[in-house]
Amino acid sequence: MFAMESSEDELEEDETEWKQHLTDLPLTSRASESSLISKSPTPAHRVILHFDLDCFYAQVEMIRNPALRDVPLGIQQKYIIVTCNYVARQQGVTKLMSVTDAKQKCPQLVLVKGEDLTHYREMSYQVTDLLLSFCPLVERLGFDENFVDITKMIENRLQRTPEEFSFQGHVYSTSSEAAKAKASVHPELALGSHVAAELREAIRCQLGLTGCAGVATSKLLAKLVSGTFKPNQQTTLLPENVDDIMGSLSGHRKIPGVGHQTAKRLQALGLVSVRDLQLFPLTELEKELGSPSAARLKNLSLGVDDSPVNPTGAPQSLSDEDSFKKMSSAEEVIDKIQQLLTSLLERMRKDGRQPQTFRLSVRKFSASNKWYSRESRQCPIPNHVGHKITSASSDDAPAQLLTMAMKLFSKMVDAAAPFHLTLINVCFSNLQKPAPAASARGSITSFFSLSAFPQNSAQSQIVSPISVSDHPCSLGAMTPIIPENTTKTPTSRDAASPQARPTQSTSSVPAEASRTLTTSHSSTCSYGGDADVTATYRLPPNVDPRVFSQLPANLQMELMREWEQRRPVLKIPTVSRKPGREAKEKKGTGRRCQANSLLDYFKPA
DNA sequence: AAGCAATAG
DNA sequence: GGTTCTATTGCTT
């Protein structure tokens with residue numbers, strides 16, 4: 001906030017020298033041009049949308065309790081206001097302000113506790129899913145932002161109806177009069193602005209949320225431009241104004257990807273403004289940051305970003321954490337880990353996937369090094385334990401995980417000596433897709449869910465999205481909330497049908513399935529490469545070979561790969577336990593006894 | 001595979 | 001900047 005203002009005088013002298021280097025820089029990436037297998041070489045002009053919900057947590061709470069609409073509202077986590085509504089902002093409350101300061105600024109401020117992210121997380125995924133129902137290329141950034149690559153959609157629509165558009169919303173640094181003339185120069189962006197407006201309207205009428213959107217040719221530019229008019233507005237950036245918007249940034253720290261550490265290193269080189277970075281010789285920058293980072297950063301400073309919108313899919317890890325002033329006793333630690341595990345296990349069970357690794361993190365207090373330092377230890381989750389997490393019947397998963405947690409804990413903290421923790425985090429990662437149901441119906445269902453998620457970006461691009469104006473929301477007469485669509489759209493990804501992240505291996509599941517899939521599946525049986533596949537591989541005992549052979553070949557391979565993965569490769573002995581101790585823990589004779597045995601971890605060695 | 005640093009909202 | 005409660009990516013071993 002108090003970053004030094006750039007003193008351009010010092011740097012002025014060398015500018016001409018630097019400018020020469022500047023001309024050597026490729027202004028666009030040529031990477032895709034040399035690709036031999038390029039089904040779709042990245043088009044010259046992409047259309048990227050960035051969506052950013054207004055004060056997201058506050059909006060969610062105002063939906064849950066409409067009485068909060070017109071009062072100054074702050075969302076409180078521990079002793080800080082993490083966000084607040086616009087009524088509160090008018091009275092001087094800001095993000096990340098301490099509760100004390102906020103109350104002083106605004107005595108009538110209403111506070112809602114926001115440490116439990118459940119509702120925010122759920123609403124966040126509803127927004128992403130809604131966007132996914134229009135277009136398969138959606139990338140999440142935190143809980144309240146999404147990128148959408150609508151290039152294909154725009155191309156299709158422009159070919160079909162080459163109608164003339166003006167812009168919806170603002171156009172960066174150009175008057176509405178001038179914008180009208182620009183619409184024919186940049187029809188993709190003009191159309192993009194209309195798509196952005198319709199998607200914002202869909203989010204508003206189906207979910208009740210408002211937000212900003214940015215329309216541009218890259219993620220970088222879409223994100224930078226989306227915030228220029230707030231709240232609940234949108235703006236489009238034209239290519240001719242790229243230099244303007246980059247120059248408008250108050251410093252290189254404002255470039256997405258330049259965090260505190262990078263900013264410090266740049267400042268050590270005498271660089272403060274974005275312009276400084278643009279003019280600094282790449283070779284010099286490489287010495288400080290390494291070649292790939294330097295090139296990327298320099299391009300970003302010039303407003304050049306060819307990074308793709310990577311479909312996010314289901315989360316790669318689930319974690320739960322709590323922070324506190326001081327935790328220094330064994331009993332507290334055990335109790336806290338138990339609490340965290342309980343809620344994390346419930347989330348894990350709803351997700352349906354099976355975690356393969358478990359991590360425990362702590363933050364230790366140290367007066368000198370108040371700095372952000374966490375330590376963590378992780379371990380594989382033995383197969384039998386992993387299964388108990390999802391198959392809800394078994395009740396002793398918590399106990400086993402607690403035991404594992406305490407083993408990990410003892411690797412970080414010598415509990416025999418005094419300790420002072422300020423945070424504990426538990427995390428499941430390496431999440432594996434659940435085994436598909438064995439019945440025919442189950443297999444068909446999993447066909448739906450496997451195909452419903454974009455498997456990779458190249459394939460997904462082929463999807464011809466429904467026209468935005470076909471969406472129920474824009475038909476006006478439709479009731480909100482439930483899209484009247486077909487069977488299972490990606491919109492309905494939920495606890496019942498979690499989607500694992502798209503695998504990297506190229507699956508040939510037809511991408512059109514995500515949109516054009518209807519109830520008629522007469523064709524699916526025609527693939528039948530039955531004898532070959534079923535003969536060469538062993539199917540799990542609960543799978544009917546006849547049903548399996550009727551599945552499309554690509555799905556068969558998908559399933560085989562999964563089963564290969566989860567086959568009892570071997571017991572991983574990393575959590576080695578002594579037989580005696582294990583026996584003692586297994587009989588859950590009660591919480592008291594359990595805790596007592598766990599306290600062993602705190603005894604002197 | 002493990003652990004951490006950096007970045008993000 | 002760091003607070004909070006997450007989540008991702010990339011580096012290093």
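In what follows, chains carry the letters A, B, and so on, assigned in the order in which the sequence lines appear, proteins first and then strands, with residues in each chain numbered from 1. The figures here come from the full heavy-atom set of this structure, side chains too, leaving out hydrogens, waters and symmetry mates.
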Q | A:Lys254 NZ - B:dA8 P separation (whole Å) | A | 11 Å
Q | Nearest-Å distance for atom pair CD1/P, residues A:Ile255 and B:dA8 | A |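 Distance check: A:Ile255 CD1 to B:dA8 P gives 10 Å.
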Q) Taking all non-hydrogen atoms of both residues, which atom of A:Arg69 and which atom of A:Gly208 are closest, and how far apart? A) NH2-O, 4.3 Å
Q | Rounded distance in Å between the P positions of C:dT4 and B:dG3 | A |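 Nearest-Å result for C:dT4 against B:dG3 at atom P: 24 Å.
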Q: Indicate, with yes or no, if the rings of A:Phe143 and A:Tyr120 have centres closer together than 6.0 Å.
A: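 No, ring centres 6.0 Å or more apart.
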Q: State whether A:Arg374 and A:Glu321 are salt-bridged, where the test is any N-O pair (Lys NZ or Arg NE/NH1/NH2 against Asp/Glu carboxylate O) under 4.0 Å.
A: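 Salt bridge between A:Arg374 and A:Glu321, a charged N being under 4.0 Å from a carboxylate O: yes.
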Q: Please tell me which of the listed nucleotides, C:dC5, C:dT8, C:dT6, lies nearest to the side chain of A:Ser317?
A: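 Of all the options, the side chain of A:Ser317 is nearest to C:dT8.
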Q) Considering only side-chain heavy atoms of A:Arg347, which listed nucleotide, C:dT3, B:dA2, C:dA7, is closest? A)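 Taking heavy atoms from C-beta onward, the closest nucleotide is C:dA7.
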Q. Between A:Ser429 and A:Thr357, is a side-chain hydrogen bond (donor to acceptor under 3.5 Å, both in side chains) present by the stated rule, with each step listed?
A. CA-CA 5 Å; A:Ser429 62; A:Thr357 116; 3.2 Å; yes
Q) If you find the nucleotide of DNA chain C closest to A:Met97 and the one closest to A:Arg359, which residue's nucleotide is nearer the 5' end? A) A:Met97
Q | 5'-most by nearest nucleotide on DNA chain C - A:Leu318 or A:Ile80 | A | A:Ile80
Q. Would you say a side-chain N or O of A:Ser376 is under 4.0 Å from OP1 or OP2 of B:dC4?
A. yes
Q) Are A:Gln378 and B:dA2 close enough that a side-chain N or O sits under 4.0 Å from OP1 or OP2? A)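 The answer is yes; a side-chain N or O of A:Gln378 sits under 4.0 Å from OP1 or OP2.
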